[in-house]
Student: 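Mind having a look at this structure? Questions to follow.
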Amino acid sequence: MSFVWPAALVSLLAVPALVAGYLYLWREREAKRASLGTMGVMVASGGAGGGVKAKSAKPAGPLQHLPYVLFGLAMVALAIGAARPRVNVELPKRTGTVVLAIDTSSSMLAEDAEPTRLDAAKEAARQFVEDQP
């Protein structure tokens, strides 16, 4: 396999940079969350009491990273597609022209071949065509 524009593969270097940036921002967010401790979150209610204390939210599971992983995979696919990969496949090349001509004169109606010469020629032509790739 080769690439039409292999220089486009340099853009793959952006993917580790994006991953590093995402991990940095995610760790910063987790550090801020940890520094808050168990303070909780105040949610405004419709009542006269002002606000109520809400349960502390659980950290999201591994699915929180799914959109970013899909984005990274899309960036890799885009970079590889921009490089325009190609594969050279060797195919057999058959050249040539075959013309089948069958005599349809009255001499072909002679019955020296089973059943007639014309039918024998048609069968031979059909067999020839079936034997071709």
Side-chain angles (χ1 to χ4, degrees):
M1 182 167 78
S2 62
F3 295 97
V4 175
W5 295 319
L9 293 175
V10 173
S11 62
L12 286 173
L13 296 175
V15 175
L18 289 172
V19 170
Y22 175 74
L23 289 176
Y24 174 77
L25 292 174
W26 183 68
R27 286 182 183 141
E28 287 290 317
R29 186 183 71 181
E30 291 298 316
K32 286 181 185 177
R33 179 180 289 161
S35 70
L36 291 176
T38 59
M39 290 172 56
V41 179
M42 299 299 290
V43 178
S45 68
V52 294
K53 189 173 182 181
K55 294 181 182 177
S56 61
K58 292 181 185 177
L63 287 180
Q64 71 179 345
H65 306 292
L66 183 64
Y68 304 104
V69 169
L70 292 176
F71 178 75
L73 291 174
M75 292 294 290
V76 169
L78 180 66
I80 293 173
R84 296 187 61 192
R86 67 176 176 192
V87 176
N88 294 330
V89 178
E90 296 293 327
L91 296 176
K93 185 176 180 182
R94 292 187 167 82
T95 60
T97 303
V98 176
V99 177
L100 292 177
I102 297 178
D103 182 12
T104 57
S105 66
S106 60
S107 67
M108 293 297 285
L109 298 176
E111 295 181 0
D112 57 344
E114 287 292 325
T116 63
R117 289 181 184 176
L118 184 59
D119 291 333
K122 285 180 185 178
E123 183 58 34
R126 188 175 297 113
Q127 187 64 35
F128 176 79
V129 170
E130 287 176 3
D131 291 343
Q132 300 306 305

Student: Can you tell me how far the CG atom of Leu63 sits from the CG atom of Leu66, to the nearest 0.5 Å?
Tutor: 6.0 Å
Student: If I take atom CZ from residue Arg84 and atom CZ from residue Phe3, how far apart are they, to the nearest 0.5 angstrom?
Tutor: 12.5 Å
Student: Quick check on the hydrophobic clustering: are Leu18 and Leu9 connected, directly or via other members, by side-chain heavy-atom contacts under 4.5 Å?
Tutor: yes
Student: Roughly how far, to the nearest 0.5 Å, is CD of Glu130 from CD of Gln127?
Tutor: 5.5 Å
Student: To the nearest 0.5 Å, what is the distance between OG (Ser11) and CD1 (Ile80)?
Tutor: 9.0 Å
Student: Hydrophobic cluster membership, with links at side-chain heavy-atom distances under 4.5 Å among I/L/V/M/F/W/Y: are Val10 and Met1 in one?
Tutor: no
Student: Flag yes if Phe71 and Val15 sit in one hydrophobic cluster, no otherwise; membership is Ile, Leu, Val, Met, Phe, Trp, Tyr, and two members link when side-chain heavy atoms are under 4.5 Å apart.
Tutor: yes
Student: Within this structure, what is the CG-CG distance for the pair Leu78 and Leu12, rounded to the nearest 0.5 Å?
Tutor: 9.5 Å
Student: Show me the donor-acceptor pairs, under 3.5 Å and distance only, between side chains in residues 20-28 and residues at least two apart or in other chains.
Tutor:
| unit_1 | atom_1 | unit_2 | atom_2 | d |
| --- | --- | --- | --- | --- |
| Tyr22 | OH | His65 | ND1 | 2.6 |

Student: Name every donor-acceptor pair, under 3.5 Å, that has one atom in a side chain of residues 97-105 and the other anywhere in the protein, sequence neighbours excluded.
Tutor:
| unit_1 | atom_1 | unit_2 | atom_2 | d |
| --- | --- | --- | --- | --- |
| Asp103 | OD1 | Ser105 | N | 3.0 |
| Asp103 | OD1 | Ser105 | OG | 3.1 |
| Asp103 | OD2 | Ser105 | OG | 3.1 |
| Ser105 | OG | Ser107 | OG | 2.9 |

